[in-house]
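Before any comments, here is the structure.
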Amino acid sequence: MAGSALGISLAPYIRSSPTLTKIFTPIANWYAGGALYRQYGLLYDDLLIEERPEVQKALSRLTPRQAYDRAFRIKRASQADVLHAPLPKEQWTKPEQDIRYLLPHVIDVEAEIKERAHWDTLAVTRRK
Amino acid sequence: MLSTTRASVRIARRSFATVVDNAGLKVASIESNQPTVSVTVLAKAGPRYQSKPGVAHALKNFAFKGTGERSALGTIRESELYGGVLSTTLTREHLALTAEFLRGDEQFFIDVLSSVISSTNYTRHEYEELVLPAMESDISALLADPASHAVELAHALAFRSGLGASLFAGPHSPVTAHDVQQFASSAFAKDNIAILGTGLSESSLKSLATSASSASGLTTSVSSYFGGETRVESHGGLQTIFIGFGSAGAPSSELAALAAYLDPNPSVKWARSESPLLQSGKTSARVVYLPYSDAALVGLLIQGSSTEQVTTAGKAAITALKGSTALKADDLKSAIAKAKFRLANTADTREGLINIVGSNVLSGSSGVSLESSLSSLDKITATAFNKAATTLIKGKPTFVAIGDTTKLPFADELGL
């Protein structure tokens, strides 16, 4: 179980066990399909709560292309939401397109914050 | 009896280097009896060798950022705990990564340097968050200092490409982190770097040698001298002119003597010089003598707050330059003595010593000694000096004016 600003996640534990992976993968896929964000053309990482310094920093590290695409997807989904209708089916996000483009950056930023805290609170002992 | 307490304390200082060619890689360890020791990785990766304008400047600022072993923050904090200093120096020909530290800490600092040259990550976010702001502040510092700006412009005029490339990236440089990574892979290749240690044994430097990549090194074209004139409008700074001449080919010791002769500044601190170049203290003048492996630039940089005085001093500078073609024997003697002192004084500092030894080692010459350069200065004859000065001044001058360009003189107005 890994706790972070991303919330508590059991995924690393499940991925570490082949049996659990086998059981949970179909359920996870069904859930992602059922959460409807793909029908609005979004990726899972578009749903990450961005009002957090770690995620803001991670967003600043996207390539210009990634940042543009993210803004486009969010605008398109907002418009679809205003119209109270999902996008036409050909614009839905396909499962293979649903990549975690933001998560690695958030993990990096969290690791950096943790490292800084480590160095700031380090207890130095004299070499013998 | 105060005078007895000032009895001459002479520390016998011997500086010599041993150079070992370690399977294509040059390792030199310089004997020094200083309490701190240092390791320098000197790479032929100055702007002269760069593949894209500004990439050498970016690489300089990318040193000591995140590597496979530790993050940028970790490198800084850990070396602070050891009390060492990590620094980078960029010249037109070489990039030097230096670690200075206390004896006994070599294991950590050598490990830092080897991870920098072998496994720096060159990530895009570090480039944008840490490297670019550092580069921008370098560039704005350059633009705020007309003296360095004039020397930069003079290089561009004098050598055009190669040595003419600026030490600094342009304000809107097209360099990306990927470009820096590609440049670094050949910059830190085995045949492109030399490892220099002061106060360390060669065996401790050898572990650094193994981390160098075996890619092929960087290449450049042979320098040639062009010369020219440029004027840059600027406000707020001092009125600045640079008058210089260059020569292609390995710099001769005559040019070092000429630079020492041209220097109008008095040798006694706070003394007033009557030199017309200084306009009784209203202008400042300094000699710019920049020897490179296959070219040299000699000139005078004059700065002052009023354009009239700078113009008068500039005329005096040209008289001084032209006067150097027929030098009296006494003047030559003092110029040689001055040049010898300067060379020896540079070699007294660690940085100067590393520069001298490093450029010798990288150019592949084995006879690394200060004595040979000093004795070559001794051997200068009046005819050789006058001949060297005449050939230099016969070339096209390099003239740079920065400041109020409506009032600063043109090269021909000064009599060039």
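Quick note on labels: first sequence line is chain A, next is B, and so on, each numbered from 1. Heavy atoms only: backbone and side chains are in, while hydrogens, waters and symmetry mates are out.
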[X] [atom1]: over 12 foreign heavy atoms closer than 6.0 Å:
| X | atom1 | result |
| --- | --- | --- |
| A:His118 | NE2 | yes |
| A:Tyr101 | OH | yes |
| A:Arg100 | CZ | yes |
| B:Gln107 | CD | no |
| B:Glu351 | CD | no |
| A:Leu83 | CG | yes |

Take A:Asp120 and B:Arg77 through the side-chain contact (heavy atoms from CB on, under 4.5 Å) test and state the conclusion after the steps.
CA-CA 9 Å; A:Asp120 282 349; B:Arg77 293 290 171 95; 2.7 Å; yes
Heavy atom to heavy atom, less than 4.5 Å: which residues from residues 60-77 of chain A reach chain B?
A:Ser60, A:Arg61, A:Leu62, A:Thr63, A:Pro64
Hey, which residues of residues 122-131 of chain B are touching chain A, say heavy atoms under 4.5 Å apart?
B:Arg124, B:His125, B:Glu129
Looking only at heavy atoms, which of residues 41-74 of chain B get nearer than 4.5 Å to chain A?
B:Ser71, B:Leu73, B:Gly74
By side chain to side chain contact (heavy atoms under 4.5 Å, CB included), which residues pair with A:Ala11, not counting sequence neighbours?
A:Ser9, A:Arg15
